[in-house]
Amino acid sequence: SGDRLVDLVREGIDCVVRAGTPRDSSLVARRLAVLPEVICASPAYLQRFGTPRSPDALSSHQAVGFFTSSHDRSYPFELVVDGQVREFELGAWIAVNDAESYVTCALRGCGLIQLPRFHVEDALRDGRLVEVLGGWPSTGLPVSAMYPLHRQLSPRVRVFVDWVAKLYEERFGVPPQPSSDTSAMER
(Lines give C-alpha, C1' and ligand atoms only; values in the text may rest on other atoms or scores of the structure.)
Protein backbone atom coordinates (compact mmCIF):
# COMPACT_ATOMS: atom_id res chain seq x y z
CA SER A 1 0.00 0.00 0.00
CA GLY A 2 3.00 2.33 -0.20
CA ASP A 3 2.88 5.24 2.24
CA ARG A 4 -0.91 5.08 2.60
CA LEU A 5 -2.14 4.45 6.13
CA VAL A 6 -4.70 1.69 6.26
CA ASP A 7 -7.46 0.75 8.67
CA LEU A 8 -6.63 -2.92 9.12
CA VAL A 9 -9.93 -3.95 10.65
CA ARG A 10 -12.18 -2.04 8.25
CA GLU A 11 -10.22 -3.13 5.19
CA GLY A 12 -9.92 -6.75 6.31
CA ILE A 13 -6.10 -6.73 6.30
CA ASP A 14 -4.32 -9.29 8.48
CA CYS A 15 -1.04 -7.47 9.02
CA VAL A 16 0.98 -4.47 7.84
CA VAL A 17 4.61 -3.49 8.12
CA ARG A 18 4.65 0.18 9.07
CA ALA A 19 7.49 2.66 9.53
CA GLY A 20 7.36 5.23 12.29
CA THR A 21 6.25 5.12 15.90
CA PRO A 22 3.01 3.15 16.17
CA ARG A 23 0.18 5.34 17.41
CA ASP A 24 -2.81 3.00 17.13
CA SER A 25 -3.14 1.31 20.53
CA SER A 26 -5.89 -0.98 19.20
CA LEU A 27 -3.22 -2.89 17.28
CA VAL A 28 -0.51 -5.25 18.42
CA ALA A 29 2.90 -3.98 17.28
CA ARG A 30 6.08 -6.04 17.05
CA ARG A 31 9.27 -4.03 16.56
CA LEU A 32 11.18 -5.40 13.57
CA ALA A 33 14.04 -2.92 13.26
CA VAL A 34 15.23 0.61 13.85
CA LEU A 35 16.60 1.85 10.54
CA PRO A 36 19.63 4.17 10.75
CA GLU A 37 18.81 7.51 9.12
CA VAL A 38 20.86 10.10 7.29
CA ILE A 39 20.37 13.77 6.44
CA CYS A 40 21.60 14.49 2.95
CA ALA A 41 21.32 16.77 -0.05
CA SER A 42 22.62 17.05 -3.57
CA PRO A 43 26.01 18.66 -4.23
CA ALA A 44 24.17 21.37 -6.21
CA TYR A 45 22.01 22.29 -3.21
CA LEU A 46 25.02 22.39 -0.88
CA GLN A 47 27.02 24.49 -3.35
CA ARG A 48 24.19 27.01 -3.58
CA PHE A 49 23.12 27.17 0.09
CA GLY A 50 26.16 25.89 1.98
CA THR A 51 26.62 22.87 4.20
CA PRO A 52 25.14 23.01 7.71
CA ARG A 53 27.96 22.50 10.22
CA SER A 54 25.76 22.09 13.31
CA PRO A 55 22.15 21.10 13.95
CA ASP A 56 21.23 24.70 14.80
CA ALA A 57 22.32 25.72 11.30
CA LEU A 58 19.38 23.72 9.90
CA SER A 59 17.06 26.66 10.56
CA SER A 60 18.58 28.52 7.61
CA HIS A 61 18.10 25.60 5.20
CA GLN A 62 15.29 24.24 3.09
CA ALA A 63 13.96 20.70 3.36
CA VAL A 64 11.86 18.64 1.01
CA GLY A 65 8.56 18.39 2.87
CA PHE A 66 6.79 15.09 3.39
CA PHE A 67 3.12 14.52 4.15
CA THR A 68 0.58 11.71 4.16
CA SER A 69 -2.90 12.01 2.77
CA SER A 70 -4.48 10.87 6.02
CA HIS A 71 -2.51 12.96 8.53
CA ASP A 72 -2.09 16.72 8.51
CA ARG A 73 1.26 16.84 10.29
CA SER A 74 4.80 17.76 9.47
CA TYR A 75 7.78 15.49 9.87
CA PRO A 76 10.59 17.49 11.47
CA PHE A 77 14.18 16.29 11.29
CA GLU A 78 15.30 14.55 14.48
CA LEU A 79 18.84 14.35 15.81
CA VAL A 80 20.38 13.36 19.12
CA VAL A 81 22.17 16.43 20.49
CA ASP A 82 24.00 16.19 23.82
CA GLY A 83 22.12 12.98 24.60
CA GLN A 84 18.69 14.52 23.97
CA VAL A 85 16.40 14.03 20.97
CA ARG A 86 15.77 17.39 19.32
CA GLU A 87 13.38 18.22 16.51
CA PHE A 88 14.27 20.72 13.79
CA GLU A 89 11.58 22.33 11.65
CA LEU A 90 12.91 23.48 8.29
CA GLY A 91 11.20 25.55 5.67
CA ALA A 92 10.00 23.66 2.60
CA TRP A 93 8.88 25.11 -0.71
CA ILE A 94 7.89 21.68 -2.02
CA ALA A 95 6.23 18.71 -0.30
CA VAL A 96 5.62 15.17 -1.53
CA ASN A 97 3.82 12.12 -0.22
CA ASP A 98 5.91 9.17 -1.36
CA ALA A 99 9.46 8.04 -0.75
CA GLU A 100 10.59 7.96 -4.39
CA SER A 101 9.51 11.55 -5.00
CA TYR A 102 11.20 12.57 -1.74
CA VAL A 103 14.55 11.24 -2.96
CA THR A 104 14.05 12.58 -6.49
CA CYS A 105 13.48 16.10 -5.14
CA ALA A 106 16.70 15.90 -3.14
CA LEU A 107 18.64 14.63 -6.17
CA ARG A 108 17.37 17.65 -8.12
CA GLY A 109 18.58 20.12 -5.52
CA CYS A 110 15.25 20.97 -3.88
CA GLY A 111 16.50 20.67 -0.29
CA LEU A 112 17.69 18.46 2.53
CA ILE A 113 16.01 15.14 3.32
CA GLN A 114 16.19 12.78 6.29
CA LEU A 115 15.44 9.14 5.63
CA PRO A 116 16.76 5.61 6.21
CA ARG A 117 20.33 5.32 4.94
CA PHE A 118 19.70 2.09 3.04
CA HIS A 119 17.30 3.93 0.74
CA VAL A 120 20.03 6.25 -0.57
CA GLU A 121 23.19 4.15 -0.16
CA ASP A 122 23.91 4.08 -3.89
CA ALA A 123 23.41 7.84 -4.29
CA LEU A 124 25.67 8.52 -1.30
CA ARG A 125 28.31 6.14 -2.62
CA ASP A 126 28.44 7.69 -6.08
CA GLY A 127 28.20 11.30 -4.86
CA ARG A 128 24.75 12.19 -6.18
CA LEU A 129 23.81 12.87 -2.54
CA VAL A 130 26.07 14.03 0.28
CA GLU A 131 25.54 13.29 3.97
CA VAL A 132 25.49 16.29 6.31
CA LEU A 133 25.66 16.48 10.11
CA GLY A 134 26.98 12.92 10.32
CA GLY A 135 28.45 13.70 13.75
CA TRP A 136 24.96 13.87 15.26
CA PRO A 137 23.08 10.56 15.18
CA SER A 138 19.44 10.39 14.22
CA THR A 139 16.95 8.59 16.39
CA GLY A 140 16.41 6.05 13.63
CA LEU A 141 13.14 5.02 12.02
CA PRO A 142 11.30 2.21 13.82
CA VAL A 143 9.65 -0.44 11.67
CA SER A 144 6.92 -2.61 13.17
CA ALA A 145 4.62 -5.39 12.10
CA MET A 146 1.13 -4.46 13.22
CA TYR A 147 -2.01 -6.54 13.39
CA PRO A 148 -5.42 -6.40 15.06
CA LEU A 149 -5.58 -7.87 18.54
CA HIS A 150 -8.23 -10.42 17.56
CA ARG A 151 -5.85 -11.87 14.95
CA GLN A 152 -2.94 -12.15 17.37
CA LEU A 153 -3.08 -15.94 17.47
CA SER A 154 -3.65 -16.50 13.76
CA PRO A 155 -1.01 -19.06 12.67
CA ARG A 156 -0.56 -17.46 9.24
CA VAL A 157 0.00 -14.01 10.75
CA ARG A 158 2.46 -15.44 13.29
CA VAL A 159 4.41 -17.27 10.55
CA PHE A 160 4.46 -14.15 8.36
CA VAL A 161 5.61 -11.86 11.19
CA ASP A 162 8.34 -14.31 12.26
CA TRP A 163 9.56 -14.52 8.65
CA VAL A 164 9.60 -10.73 8.19
CA ALA A 165 11.33 -10.28 11.56
CA LYS A 166 14.08 -12.69 10.46
CA LEU A 167 14.60 -10.76 7.20
CA TYR A 168 14.92 -7.43 9.05
CA GLU A 169 17.23 -8.97 11.67
CA GLU A 170 19.53 -10.33 8.95
CA ARG A 171 19.72 -6.90 7.30
CA PHE A 172 19.65 -4.51 10.28
CA GLY A 173 20.42 -6.60 13.39
CA VAL A 174 18.28 -7.21 16.46
CA PRO A 175 16.16 -4.12 17.09
CA PRO A 176 16.26 -2.26 20.39
CA GLN A 177 12.87 -2.64 22.02
CA PRO A 178 10.99 0.33 23.45
CA SER A 179 11.69 0.66 27.16
CA SER A 180 8.00 0.27 28.02
CA ASP A 181 7.59 -2.73 25.71
CA THR A 182 6.93 -5.79 27.82
CA SER A 183 3.99 -7.19 25.90
CA ALA A 184 4.81 -6.50 22.23
CA MET A 185 2.55 -3.44 22.33
CA GLU A 186 4.09 -0.11 21.40
CA ARG A 187 2.47 3.23 22.06
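It should be emphasised that the depicted structure is a prediction, and the values quoted were computed from it without experimental measurement.
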Supply the atom-to-atom distance [X] [atom1] to [Y] [atom2], rounded to the nearest 0.5 angstrom.
X    : Y    : atom1 : atom2 : answer
S42  : R48  : OG    : CZ    : 10.5 Å
E37  : L35  : CD    : CG    : 7.5 Å
C105 : Q62  : SG    : CD    : 12.5 Å
L46  : L112 : CG    : CG    : 6.5 Å
W136 : F77  : CH2   : CZ    : 15.0 Å
Q114 : I39  : CD    : CD1   : 4.5 Å

Checklist entry - So with a 6.0 Å cut-off around CD of Q47, is the heavy-atom count from everything else above 12? => result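 No, not enclosed.
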Checklist entry - Do other residues, nucleotides or ligands put more than 12 heavy atoms under 6.0 Å from Q84 CD? => result no
Checklist entry - Would you call E170-K166 a salt bridge at under 4.0 Å N-O? => result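 So E170 pairs with K166 through a salt bridge.
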Check [X] against [Y] and note the closest heavy-atom contact, atom names and distance.
X    : Y    : result
G65  : A92  : N-CB, 3.7 Å
L124 : C40  : CD2-CB, 4.1 Å
I113 : A106 : CD1-CB, 3.6 Å
G50  : H61  : O-CE1, 3.0 Å
V34  : T139 : CG1-O, 3.9 Å
G20  : L141 : N-CD1, 3.7 Å

Next on the checklist: Any heavy-atom pair between the side chains of Y168 and V17 that's under 4.5 Å?
Outcome noted: yes
Item to check | Flag, side chain of Y45 to backbone of R108, donor-acceptor distance under 3.5 Å | outcome: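 The answer is no, because no donor-acceptor pair under 3.5 Å joins these two groups.
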Next on the checklist: Can you tell me how the ring of F172 sits relative to the ring of F118, calling it parallel under 30°, perpendicular over 60° and tilted otherwise?
Outcome noted: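 Because their plane-to-plane angle is over 60°, the rings of F172 and F118 count as perpendicular.
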Checklist entry - In terms of hydrophobic clustering (I, L, V, M, F, W, Y; side-chain heavy atoms under 4.5 Å; direct or indirect links), are V38 and V80 co-clustered? => result no
Checklist entry - Are V164 and R30 close enough, and set up right, to give a side chain to side chain contact (heavy atoms under 4.5 Å, CB included), and what steps lead you there? => result CA-CA 11 Å; V164 170; R30 176 172 169 185; over 6 Å; no
